[in-house]
Amino acid sequence: MSNERFDPSVADRRWQAAWEEARCFEADSNSAKPKSYVLEMFPYPSGRIHIGHVRNYTMGDVLARFRKMQGCEVLHPMGWDAFGMPAENAAMEKGVHPAGWTYQNIETMKGQLKQLGFALDWSREFATCDPEYYGHEQALFIDLFNAGLVYRKESEVNWDPVDMTVLANEQVIDGKGWRSGAEVEKRKLNQWFLKITDFADELLEGVQGLEHWPQKVRLMQENWIGKSTGLEFAFDLSNGETLPVYTTRPDTIFGASFVAVAADHPIAQGVAADSAEARDFIALCKKGGTTAAELETAEKLGFDTGITAKHPFTGEPLPLFIANFVLMDYGTGAIMAVPGHDQRDFEFASKYGLPIPRVVAASTEGAGKPFEGEAEAGDGVIVNSDFLSGQEVEDAKRDVITRAEAGGWGKGTTVWRLRDWGVSRQRYWGTPIPFIHCEACGVVPVPQDQLPVKLPEDVDFKQPGNPLLRHPTWKNVACPKCGGAAERETDTLDTFVNSSWYFLRFASQPSDKPFDAAEIAKWLPVDQYIGGVEHAILHLLYARFWTRALAHCGKLDVKEPFASLFTQGMVTHETYSRKAGAREVYYMPAEVDRSSDGAVLKADGQPVEIGKVIKMSKSKKNVVDPEDIIRDHGADAVRWFMLSDSPPERDLPWSEAGIEGCGRFVQRLWRLFGQFDAAASGANKELARKTHQTIAAVAGDIEALAFNKAVARLYELTSAAEKAGPSADRNHAIRSILLMASPMMPHLAEQAWAELGGEGLVAGAPWPEVDAALLVEDEVTIAVQHKGKLRDTLSAPKGASKEDLEALALASEKVQRSLDGAEIRKVIVVPDRLVNIVT
RNA sequence: GCGGGCGUGGCGGAAUGGUAGACGCCGGGGACUUAAAAUCCCCUGUCUUUUAAGGCGUGCGGGUUCGAGUCCCGCCGCCCGCACCA
């Protein structure tokens, strides 16, 4: 083996080419080996890879390579979430076509990913903007339509009158369009919806089975679905109308002291029709801010309508308010207010001097206990409530529901926070919704043989609005049913639809249909899904829904697509800035010289302020470009850094010193591999034991995605091997380190493997075997404690008896000194671990 | 407000209730070298102290235990998510 330094700039490219040549990462769906599907969330082709991608994909890559070494047939694919707004924005700003811009970005980013040496099956690559992919998506959408899971409904949207487009909620900032700055209007448009609410119960219950998902994500999904059960019933109003309300606390019905409706409730609108005061109040409600801070401090406000509602049991008239804290889009938009046992109602009643009756108490004796400044929402026993008094809360709920149902004035209901999924987007760069509007036949799906409905290419982005809508010919088609003149749907699908089934297409990609059920059964579910926590709700919920919906249509036999989910932390870096008047000017780490006592700008040698360590972002310029660091340190050092130190679920602070350390370790390993001595013989039992212990531990760490621990163990074994003299056991240690490091530093490993005369590629080599007999020590270190403190450590044969250990401990001079003749009351002996002497 | 997570050296972090600080980074000292780079060795929680030895130490206060970073109770602080969801 040569004495030269390992040169990544040569080796990286050489082995990347070798892997490609050998096609060793292409998955065989017909393999008899156990399967492993490792998937990282596919990227949006924004232009360049960022460091977050590097971390995400490195983790998946290590797992994929490790599984392959363990004998699995691994599916580890990559593709592009390629539809979306940035392409259209680029089209508007730079006059480039979204397709050209997108495919150009894909080419760049694919090249960058290849530079990192990821073990990806590029033969399965696709972009969601490929007509083939979105054509299959259109077919699936029609399947869902035929299954009754797609419908159209008039619904309110955020409309930007300047850009003539619909905005997502997060694109509306302070009531203005994020791009145009124009005041956003509420408009009613016909929109396409997917009936995700049909699956609300299934999706909620399914969460219980997702044992290998982070608890946090499971909770977020549960909260998002938001199931609640209660009673829906109607009040008779003094004006002759009836008012349906929903409550989760029917047990507290005798504690109701008023009724309230949302500002945009029909009742409120009716009142406003002949009351200027009511109109003013409603306007005031609508003006209220919606930010977290505003809501938290917002005062409860109400407007007494003068109408009263008749209590269903007592017949008492309850005043009806319009209240700013009642939401129109939850439940019925109206509530029965029980101030004693709901904090919001309590605040409202206190402000307007309404009665606050107690109907729940800790015990029946507490019926007269006053409230202490806040509502009591907890459990207890019902009081002051006629026939309910004395019952437990849960029993009383059932009792009231039963009576309401028997009396025909109400019924037990389940209410969900989850809404149907609006998938219409009035944009160009998305999957065209495959429907045709015919005056005679209504809404007609595009026939299978006419799919895909392709996007027209000759579009102009100079004018605002949806280019599909103003395209001169694209939308004009013959109705598939009657043949008459008809128009295409010009809305495109939400890009979340694209990412709701891409993992299926990766697993199976016949040309004549979206996927093959048998092939899906071979690969799904994804064994390990890795991505950012920012997709904890929407993407993951939609993907779960699509999988279930397709199963419902008989298209496949999987219910949960992702068996195990891992959400990795962000890559962070400190910021560098200077004040320029009122503004803060930021500098990139590459522009700054950082030493232990400060940082100066390279350009002028003057100091810059060092800010907090935060997520890398373009706006703060605290970014490093993956291509730069690969060029400077090599792919393996970059990969190693991504895995070292920080636990993968936590944030990883990028540091120049850290990456340099990784580069040094690459060279250190290279030198160690060079010391492999085929002629060496003889044993080194201690090193052999450490080697086998390390193999077992590192395998466990990678399984658990605890890469930082695996890295630490490899450092340790490396040090031990460096210190040892030549022996057969040392050769085995070196070879094992090479194999264990190969998923993490594949280029270095291949180069060394080749030089050491290894068979084939190390990428195809098996994980080293563990000799279980060598895992156990025959000599163990025993800690001796006295008064709870460590006094001495001594070595003893493994499995020594308690008596022997006790005798050994008492024989220690240090222990005797600590005991100082005190009377020994008790000796605790934990075999192979410690002796604790109590005096 | 509700829910979840986390507090360990200068820093990132290890530690089935059993030797706290593995491993890495930074820093200090030394070797090699004409010099540098590269590499190697040693030190590196804190206090008393020449050494030796010992005291104190895992956000704070209690508790359980022979023994607590780890378990329990009560605080404090930080981070994330959700939010007037009836």
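Throughout, a chain's letter reflects where its sequence line sits, starting with A, and its residues are numbered from 1. Predicted, not measured: the structure shown is a model, and the values here were computed from it.
Ion pairing of A:Arg671 with A:Glu722 is absent here, as no side-chain N (NZ or NE/NH1/NH2) approaches a carboxylate O to less than 4.0 Å. Salt bridge A:Arg249/A:Asp342: absent, no basic N to carboxylate O contact under 4.0 Å. Ion pairing of A:Glu716 with A:Arg713 is absent here, as no side-chain N (NZ or NE/NH1/NH2) approaches a carboxylate O to less than 4.0 Å.
To the nearest angstrom, C1' of B:C66 lies 5 Å from CG of A:Asn836. Taking atom CG of residue A:Leu714 and atom P of nucleotide B:A14, one finds them 16 Å apart after rounding to whole Å. Across the protein-nucleic acid pair, A:Glu222 atom CD and B:C85 atom C1' stand 16 Å apart, rounded to whole Å. In this structure, CE of A:Met220 is placed 15 Å from C1' of B:C2, rounded to the nearest angstrom. Look at CG on A:Asn223: it is 14 Å from P on B:G81, rounded to the nearest Å. To the nearest angstrom, P of B:U39 lies 15 Å from CG of A:Leu672. Look at NZ on A:Lys612: it is 11 Å from C1' on B:C79, rounded to the nearest Å.
For B:G4, the base is anti relative to its sugar; the glycosidic angle deviates from 0 by more than 90°.
Within 4.0 Å (heavy atoms only), A:Leu219 reaches sugar-phosphate atoms of the nucleic acid but no base atom. Base contact: A:Thr793 has a heavy atom under 4.0 Å from a base atom. Within 4.0 Å of A:Arg419, counting heavy atoms only, lies no atom of the nucleic acid at all. Counting non-hydrogen atoms under 4.0 angstrom, A:Glu716 reaches the backbone sugars and phosphates but no base.
When the C1' atom is compared between B:U46 and B:U8, the two are found 14 Å apart, to the nearest whole Å. Comparing B:G57 with B:G67, their P atoms sit 15 Å apart, to the nearest whole Å. B:C75 sits 24 Å from B:A68 when the P atoms are compared, rounded to a whole Å. B:C32 sits 15 Å from B:C41 when the P atoms are compared, rounded to a whole Å. B:A14 and B:U64 have their C1' atoms separated by 26 Å, with the value rounded to a whole Å. Only the P atoms considered, B:G18 is 10 Å distant from B:G69, to the nearest whole Å. Taking atom P on both B:C72 and B:G5, the two are 12 Å apart, rounded to the nearest angstrom. For B:G24 and B:U44, the C1' atoms lie 14 Å apart once the distance is rounded to whole Å.
A close approach under 4.0 Å does occur between a side-chain nitrogen or oxygen of A:Arg664 and OP1 or OP2 of B:C25. Residue A:Tyr330 has a polar side-chain atom (N or O) positioned under 4.0 Å from OP1 or OP2 of B:A86. Between A:Arg713 and B:A14 there is no side-chain polar atom (N or O) within less than 4.0 angstrom of OP1 or OP2. Of the side-chain N and O atoms in A:Lys723, none sit less than 4.0 angstrom from OP1 or OP2 of B:C40. Phosphate proximity of B:A14 to A:Asn708: present, with a side-chain N or O under 4.0 Å from OP1 or OP2. A close approach under 4.0 Å does not occur between any side-chain nitrogen or oxygen of A:Arg817 and OP1 or OP2 of B:A53. A sub-4.0 Å separation between OP1 or OP2 of B:A83 and a side-chain N or O of A:Arg417 is present. A sub-4.0 Å separation between OP1 or OP2 of B:C85 and a side-chain N or O of A:Arg344 is present.
Among A:Asp379, A:Leu388, A:Thr252, the one residue that satisfies the side-chain contact (heavy atoms from CB on, under 4.5 Å) test with A:Val393 is A:Asp379. Of the residues listed (A:Ser617, A:Ser655, A:Pro653), the one engaging A:Thr572 in a side-chain contact (heavy atoms from CB on, under 4.5 Å) is A:Pro653, and it is the only one.
Cation-pi geometry between A:Arg5 and A:Trp670 is not met: the NZ or CZ atom fails to fall both under 6.0 Å from the ring centre and inside 45° of the normal.
Comparing A:Arg668 and A:Gly661, the nucleotide of RNA chain B nearest to each residue sits closer to the 5' end for A:Gly661. Nearest-nucleotide mapping onto RNA chain B: of A:Glu660 and A:Lys826, the residue sitting toward the 5' end is A:Glu660.
Contact of A:Lys709 with B:C23 (side chain to base): no donor-acceptor pair of N or O atoms is detected under 3.5 Å.
Paired runs in RNA chain B that reach 3 or more consecutive Watson-Crick or G-U pairs, where each pair keeps both distances under 3.5 Å, cover B:1-7 with B:76-82, B:10-12 with B:23-25, B:27-31 with B:39-43, B:45-48 with B:53-56, B:59-63 with B:71-75.
A:Arg639 contributes a side-chain N or O that, together with a main-chain N or O of A:Met744, makes up a donor-acceptor pair within less than 3.5 Å. Judged purely by atom type and a 3.5 angstrom limit, A:Asn836 has no side-chain atom pairing as donor or acceptor with the backbone of A:Ile828.
Proximity of the aromatic rings of A:Phe313 and A:Trp409 is defined here by a centroid distance below 6.0 angstrom, and this criterion is met.
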